[in-house]
Amino acid sequence: MAARTRTFERGPSCPPPLADARGGSLQEGRSSTSPGRLSELRIRGLGAIDDVTLELGRGLTVVTGETGAGKTMVVTGLTLLFGGRADPGRVRASGRAGVEGRLELPPDSPAWARATDAGADPDDDGSLILARTVSAEGRSRAFLGGRSVPVGVVAELAEGLLAVHGQTDQLRLSRPAEQRRALDRYAGPAHLALLEGYRAAYQRWRALAADLERRHGQARELAQAADVLRHGLEEIAAVAPEPGEDEALDTQAKRLSDADALRASADEARTALIGDVTGDLGGGELPQDATAALAIAERALAASDDPTLILLAQDLADAVAVVSDVAGQLAGYVADLDADPGRLAEVLDRRAAITAVVRKYADPGAGVAGVLAWAEDAQRRLAELDVSDEALEALAAERDAVRAEVDRLGAEVSAGRRAAAEGFAAEVGRELAGLAMKSARVSFSIDSHPDEPGPEGVDEVALLLAAHPGAPPRPVHKGASGGELSRVMLAIEVVFAGADPVPVMVFDEVDAGVGGQAAGEIGRRLARLARDHQVVVVTHLAQVAAFADTHLVVDKSPDTGAGVTATDIRSVEGEDRVRELARMLSGLADSDTGQAHARELLAVAAAGR
């Protein structure tokens, strides 16, 4: 695979989207059975790399090459892409470095929810595009799904997507919180459910304690605020507005004020429809009413034997019925119309009272609904402002009851951790035995403080390592060298293989200082880890590279035109891969002995996967 350059398609401020190098859709990567993967990575202007694109396969991908060729820039690019610190010293003379990646994630991946919140959109094939640029001055920008986002958003996203383990990048393992989290995850789903229950109880206890402290410390201010709320509730209760009453009163007041004009309009319409059948209008010469005219027309058509006219006669008969019904409703309207000046005064007074509380307690335009909402909220706030002895005693009792629940759950969580610690340490120790650390002993220190519960329990958890016989157990990040620390992390990841939600794992020369049979064991364990994750490994050992599903080689060559070193990254298969393994074994790619040994390694790796 040769390096390729791409053109920008999302505007000058955003790096270009990566193309689908396989010529097909990337949608299959978003299946519910796959945790996701990084299918493509492009690096521009970073260290020795001018512009290369890596196609990362599923399973285990190894990156090899001569010392100084730029293998570590692959890890640097990944770290930068996922929100790592930008080092302007890595930027080439061109003045700007850029990294872009294509993520294929299942639909239920939590990363989609976070990306959506940030305004990101999936690419046409359903993948998620990430990009990062860094200038020589240190200015950095991040892009997610075509949108410019803070770097912190990408870093937050990376916590559930990428884990980088290298000689100088062991932050996850060195943090006690990560060690405790690893132990909790190992303890299993039942323990995690118990821990979740503890967290909820702890948060409830802290909220109750803070509320009680607030009420004791601000008793005077809270009592004054409660008086204001009570006064408002009393005013509203005195008026007792009903939902929608303000609108009903407006309609009623208008009707009462315009009663005479409304009666005249209704009478005129009724007369036009059916005439002065009651004589209420004084008789006299009135125009023919609509009902009579429609009846005459209906009879004239009905007398015909033409089918069309007979159908029209039926329509006119229906119209007569409708007109009669409307006339009846108008008569009822007139009968119910109240022109009582006293009733109008009552309505206006009631409307004035409601308008007063609306103006005082509702937002503009909210009306009576706003008043009722204010009253409901005031009732709730009154309960929070209650500083009476009875309320404080009840709150203290509730706080103590929840604290007892915190203590009970905390003890159960602590017991679960202690029960899991021994098995976890034993499994990690067995893995380390195959990683050239046969004498290493891993253990957990669990220091419990029942009287000082915290958000994650009552325990301080530390992962300890005795690297050789006679060495005292020390915190793992202090008791191990860089290579040992990487192998401890690898052992832990292998123990968790299949359960870790992080889909992409990167190991930077975890085989440093290892050779022989131990190197083969590292390769075998990385391949095992790659059954459930996408694993990218930078290595200098042929025994590890032989286990790869995808083998990438970093080549360095002088660029005489620009006067700088250029790096290319290519994928090797078949005889090219044999030659690369032979180079790694003997330094001579064309050595017959080296190539024979390389083929033997590939056969052993294929049989031992």
Side-chain angles (χ1 to χ4, degrees), residues 110 156 159-160 163 165 170-210 213 398-432 437 440-467 471-480 484-485 487-502:
E156 180 183 341
E159 290 182 3
H165 313 294
Q170 297 295 340
L171 293 180
R172 288 181 69 206
L173 190 57
S174 66
R175 291 196 293 262
E178 281 294 333
Q179 296 167 9
R180 184 190 62 242
R181 189 173 296 114
L183 181 58
D184 286 332
R185 194 166 76 248
Y186 178 83
H191 174 82
L192 291 175
L194 183 67
L195 178 59
E196 194 61 34
Y198 169 87
R199 290 171 178 153
Y202 176 83
Q203 294 298 330
R204 176 63 178 157
W205 168 63
R206 292 301 306 154
L208 290 169
E213 182 178 357
E398 184 180 4
R399 176 205 58 187
D400 294 342
V402 176
R403 172 56 192 269
E405 180 74 358
V406 168
D407 292 340
R408 181 185 68 81
L409 292 173
E412 293 183 20
V413 169
S414 183
R417 285 170 174 161
R418 293 178 185 278
E422 184 175 350
F424 186 25
E427 287 198 44
V428 173
R430 283 193 291 270
E431 292 296 331
L432 288 177
M437 296 179 68
R441 294 293 178 268
V442 175
S443 61
F444 275 98
S445 169
I446 301 178
D447 190 8
S448 300
H449 302 276
D451 295 332
E452 301 176 9
E456 298 294 325
V458 298
D459 305 313
E460 292 182 4
V461 176
L463 182 62
L464 306 179
L465 174 69
R474 301 184 62 196
V476 67
H477 61 287
K478 296 180 179 179
E484 290 172 335
L485 193 58
R487 277 172 273 164
V488 171
M489 192 67 230
L490 174 59
I492 291 175
E493 297 294 0
V494 170
V495 170
F496 282 130
D500 197 325
V502 177

> Roughly how far apart are L195 CG and R181 CZ, rounded to 0.5 Å?
Replying inline: 10.0 Å

> Do S448 and R418 come close enough that some side-chain heavy atom pair is under 4.5 Å?
Replying inline: yes

>> Restricting to salt bridge (Lys or Arg N to Asp or Glu O under 4.0 Å), what partner residues turn up for E422, sequence neighbours left out?
In response: none

> Got a sec, which residues hit side chain to side chain donor-acceptor pair (under 3.5 Å) with D184, two or more places apart in sequence or on another chain?
Replying inline: H191, R417

>> For a quick test of reading the model, state the closest non-hydrogen atom pair linking A466 to A471 and the distance between them.
In response: CB-O, 3.4 Å

> Do you know the tightest heavy-atom contact between V458 and S414?
Replying inline: CG2-CB, 4.2 Å

>> Considering only residues two or more places apart or on different chains, which pairs with a residue in residues 200-209 satisfy side-chain hydrogen bond (donor to acceptor under 3.5 Å, both in side chains)?
In response: R204-E398

> What pairs with S443 under side-chain contact (heavy atoms from CB on, under 4.5 Å), at least two apart in sequence or on another chain?
Replying inline: L464, P473

>> Can you list everything that forms a side chain to side chain donor-acceptor pair (under 3.5 Å) with R430? Sequence neighbours excluded, please.
In response: none

>> Going by salt bridge (charged side-chain N to carboxylate O under 4.0 Å, His left out), name the pairs with one or both residues in residues 441-458, residues two or more places apart or in two chains.
In response: R199-E456

> What residues form a ring pair (Phe, Tyr, Trp, His ring centres under 6.0 Å) with F424, not counting sequence neighbours?
Replying inline: Y186, F444, F496

> Can you list the steps and then say if L208 with R403 is a side-chain contact (heavy atoms from CB on, under 4.5 Å)?
Replying inline: CA-CA 10 Å; L208 290 169; R403 172 56 192 269; over 6 Å; no

>> Could you measure the distance from the CD atom of E431 to the CE atom of M437? Nearest 0.5 Å is fine.
In response: 12.5 Å

> Are any side-chain N or O atoms of E427 and backbone N or O atoms of V495, one a donor and one an acceptor, separated by less than 3.5 Å?
Replying inline: no

> With sequence neighbours left out, what residues match E412 under side chain to side chain donor-acceptor pair (under 3.5 Å)?
Replying inline: R408

> How close do L409 and A201 get, heavy atom to heavy atom, and via which atoms?
Replying inline: CD1-CB, 4.0 Å

>> Holding to side chain to side chain donor-acceptor pair (under 3.5 Å), I want the full list of residues that pass it with R180, two or more places apart in sequence or in another chain.
In response: none

> How many angstroms lie between CG in D459 and NE2 in H449, if you round to the nearest 0.5 Å?
Replying inline: 8.5 Å

> Which heavy atom in L194 sits nearest to a heavy atom in V413, and how many Å separate them?
Replying inline: CD2-N, 3.8 Å

> Residues in salt bridge (Lys or Arg N to Asp or Glu O under 4.0 Å) with E460, at least two apart?
Replying inline: none

